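So the structure is just underneath, and the comments pick up after that.
Since the structure is predicted, the reported quantities are computational estimates derived from the model, not experimental observations.
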Amino acid sequence: MKMLEIRNLTVKFGSREILKDFSYTFPENDIYCITGASGCGKTTLLRTIGGLIKPTGGQVIINGKKVIKPNRDAAIVFQRYDNFPWLNTIDNALFAIKMQRKVKQEDRHIAKLTLERFGLGDALNKYPRELSGGMNQRLAMAAVIMQNPPVLLMDEPLSALDPENRANLQDFLLELNDGTRLIIIVTHSDEEAEKLSKGKILKLEPV
């Protein structure tokens with residue numbers, strides 16, 4: 001069984017057709033990058049895979065199940081971070097787990113290690129308003145990775161970072177690629193796409 005299949009997907013917003021009869025199979029757990037010109041449907045495709053957009057036609061299938069709404073099989077890191085302003089850094093990272101069950105000491109330990117890897121080890125008790133834009137973006141990434149979804153979707157996740165942090169987190173994403181999850185990243189950078197996916201690049205064309 002393939003992890004993710006997209007079958008004859010069509011998405012319209014009003015009379016505008018964003019994706020038309022699009023099919024693609026992601027054959028293995030690996031990093032894939034989606035590239036293409038602005039407006040060609042990269043973010044729309046990602047949101048449809050995540051169950052946030054209902055397609056006009058066709059279907060998305062994850063682990064043999066049709067995607068009809070957001071679910072735990074896929075989680076999205078958005079281009080525009082959306083951290084909870086009333087929670088500190090470590091509680092933001094643990095929020096999704098807290099919504100499912102009681103947070104354990106082991107969860108807090110894993111969250112601390114994850115945040116340290118994202119360069120946020122000294123900001124565990126700080127609130128989003130006390131963090132820079134780049135730090136908030138890294139926190140949003142850490143919070144989604146803490147959910148450990150089988151399919152990890154990322155929409156320009158490194159765009160707000162300075163070159164050094166961007167390079168460090170590219171390396172971290174490569175470390176995450178251990179064969180246990182499918183990672184799909186939207187990027188405008190051909191160089192980044194090649195580094196992260198090693199040629200597994202899906203280039204979308206405008207409809």
Side-chain angles (χ1 to χ4, degrees), residues 1-11 18-36 40-79 93 95-97 99-101 107 110-111 114 117-118 140-159 169-190 192-205 207:
M1 181 185 299
K2 304 301 182 184
M3 169 67 75
L4 172 59
E5 296 179 81
I6 301 168
R7 299 178 181 173
N8 305 112
L9 189 68
T10 296
V11 178
I18 308 299
L19 297 168
K20 182 178 180 181
D21 199 28
F22 178 80
S23 297
Y24 194 84
T25 297
F26 295 86
E28 58 187 336
N29 284 344
D30 209 335
I31 296 179
Y32 294 79
C33 285
I34 300 175
T35 65
C40 68
K42 300 185 297 298
T43 295
T44 297
L45 177 58
L46 215 66
R47 287 174 174 264
T48 306
I49 293 171
L52 298 175
I53 294 175
K54 184 178 180 180
T56 309
Q59 55 189 345
V60 174
I61 299 172
I62 298 178
N63 283 332
K65 296 180 291 185
K66 183 179 178 180
V67 175
I68 57 175
K69 61 181 181 180
N71 62 83
R72 295 179 185 175
D73 285 335
I76 302 179
V77 177
F78 295 103
Q79 183 176 4
F95 181 80
I97 293 175
M99 291 298 98
Q100 299 172 25
R101 57 174 172 78
D107 297 321
I110 293 172
T114 301
R117 186 62 182 81
F118 275 91
M141 291 175 63
V144 171
I145 287 170
M146 280 293 297
Q147 299 175 40
N148 198 28
V151 179
L152 177 58
L153 308 168
M154 312 185 88
D155 188 7
E156 298 263 10
L158 310 181
S159 60
L169 288 184
Q170 285 173 350
D171 292 338
F172 181 52
L173 289 174
L174 290 170
E175 290 175 18
L176 280 177
N177 185 27
D178 57 4
T180 64
R181 64 178 66 81
L182 172 64
I183 304 173
I184 303 174
I185 303 171
V186 167
T187 177
H188 276 96
S189 169
D190 291 337
E192 182 169 83
E194 186 62 40
K195 176 179 178 179
L196 291 175
S197 69
K198 295 179 173 61
K200 293 183 173 67
I201 299 171
L202 170 59
K203 186 171 183 177
L204 293 186
E205 301 291 344
V207 173

Notebook entry, point to check: Can you check side-chain contact (heavy atoms from CB on, under 4.5 Å) on Lys198 and Asp30, steps first, answer last?
Noted result: CA-CA 10 Å; Lys198 295 179 173 61; Asp30 209 335; over 6 Å; no

Next item on the list: Please step through side-chain contact (heavy atoms from CB on, under 4.5 Å) for the pair Phe172 and Ile145, ending with a clear verdict.
Entry: CA-CA 11 Å; Phe172 181 52; Ile145 287 170; 4.2 Å; yes

With rounding to the nearest 0.5 angstrom, report the [atom1] to [atom2] distance, [X] to [Y].
| X | Y | atom1 | atom2 | answer |
| --- | --- | --- | --- | --- |
| Leu176 | Met154 | CG | CE | 7.5 Å |
| Leu196 | Asn177 | CG | CG | 9.5 Å |
| Ser197 | Ile31 | OG | CD1 | 8.0 Å |
| Ile201 | Cys33 | CD1 | SG | 6.5 Å |
| Lys66 | Glu5 | NZ | CD | 13.5 Å |
| Gln170 | Leu174 | CD | CG | 7.5 Å |

Heavy-atom closest pair, residues [X] and [Y]:
| X | Y | answer |
| --- | --- | --- |
| Gly50 | Val67 | C-CG1, 4.5 Å |
| Met3 | Leu182 | CG-CD2, 3.9 Å |
| Asn29 | Thr180 | ND2-C, 3.6 Å |
| Arg72 | Pro150 | O-CD, 3.6 Å |
| Leu52 | Pro70 | CD2-CG, 3.6 Å |
| Val144 | Leu152 | CG1-CD1, 3.4 Å |

Notebook entry, point to check: Are Arg101 and Asp107 close enough, and set up right, to give a side-chain contact (heavy atoms from CB on, under 4.5 Å), and what steps lead you there?
Noted result: CA-CA 11 Å; Arg101 57 174 172 78; Asp107 297 321; 2.7 Å; yes

Item checked: side-chain contact (heavy atoms from CB on, under 4.5 Å) partner of Leu202, chosen from Ile184, Ile6, Leu45 ->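 Testing each of Ile184, Ile6, Leu45 against Leu202, the sole residue satisfying side-chain contact (heavy atoms from CB on, under 4.5 Å) is Leu45.
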
Notebook entry, point to check: With distance as the sole test, does Lys42 use its side chain to make a donor-acceptor pair with the main-chain N or O of Leu204 at under 3.5 Å?
Noted result: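 Flag not set: sc Lys42 to bb Leu204 has no pair under 3.5 Å.
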
Check: Hey, is the main chain of Phe78 close enough, under 3.5 Å, to the side chain of Asp155 for a donor-acceptor pair?
Finding: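 No, because the side chain of Asp155 does not come within donor-acceptor range (under 3.5 Å) of the backbone of Phe78.
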
Next item on the list: Would you sort out whether Glu205 and Lys203 count as a side-chain contact (heavy atoms from CB on, under 4.5 Å), showing the intermediate values?
Entry: CA-CA 7 Å; Glu205 301 291 344; Lys203 186 171 183 177; 4.1 Å; yes

Next item on the list: Please work out whether the ring planes of Tyr24 and Phe26 are parallel, tilted or perpendicular, with thresholds of 30° and 60°.
Entry: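 The arrangement is perpendicular - the two ring planes meet at more than 60°.
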
Item checked: Ion pair check, Lys195 and Asp171, cut-off under 4.0 Å ->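 The answer is yes: the pair qualifies as a salt bridge.
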
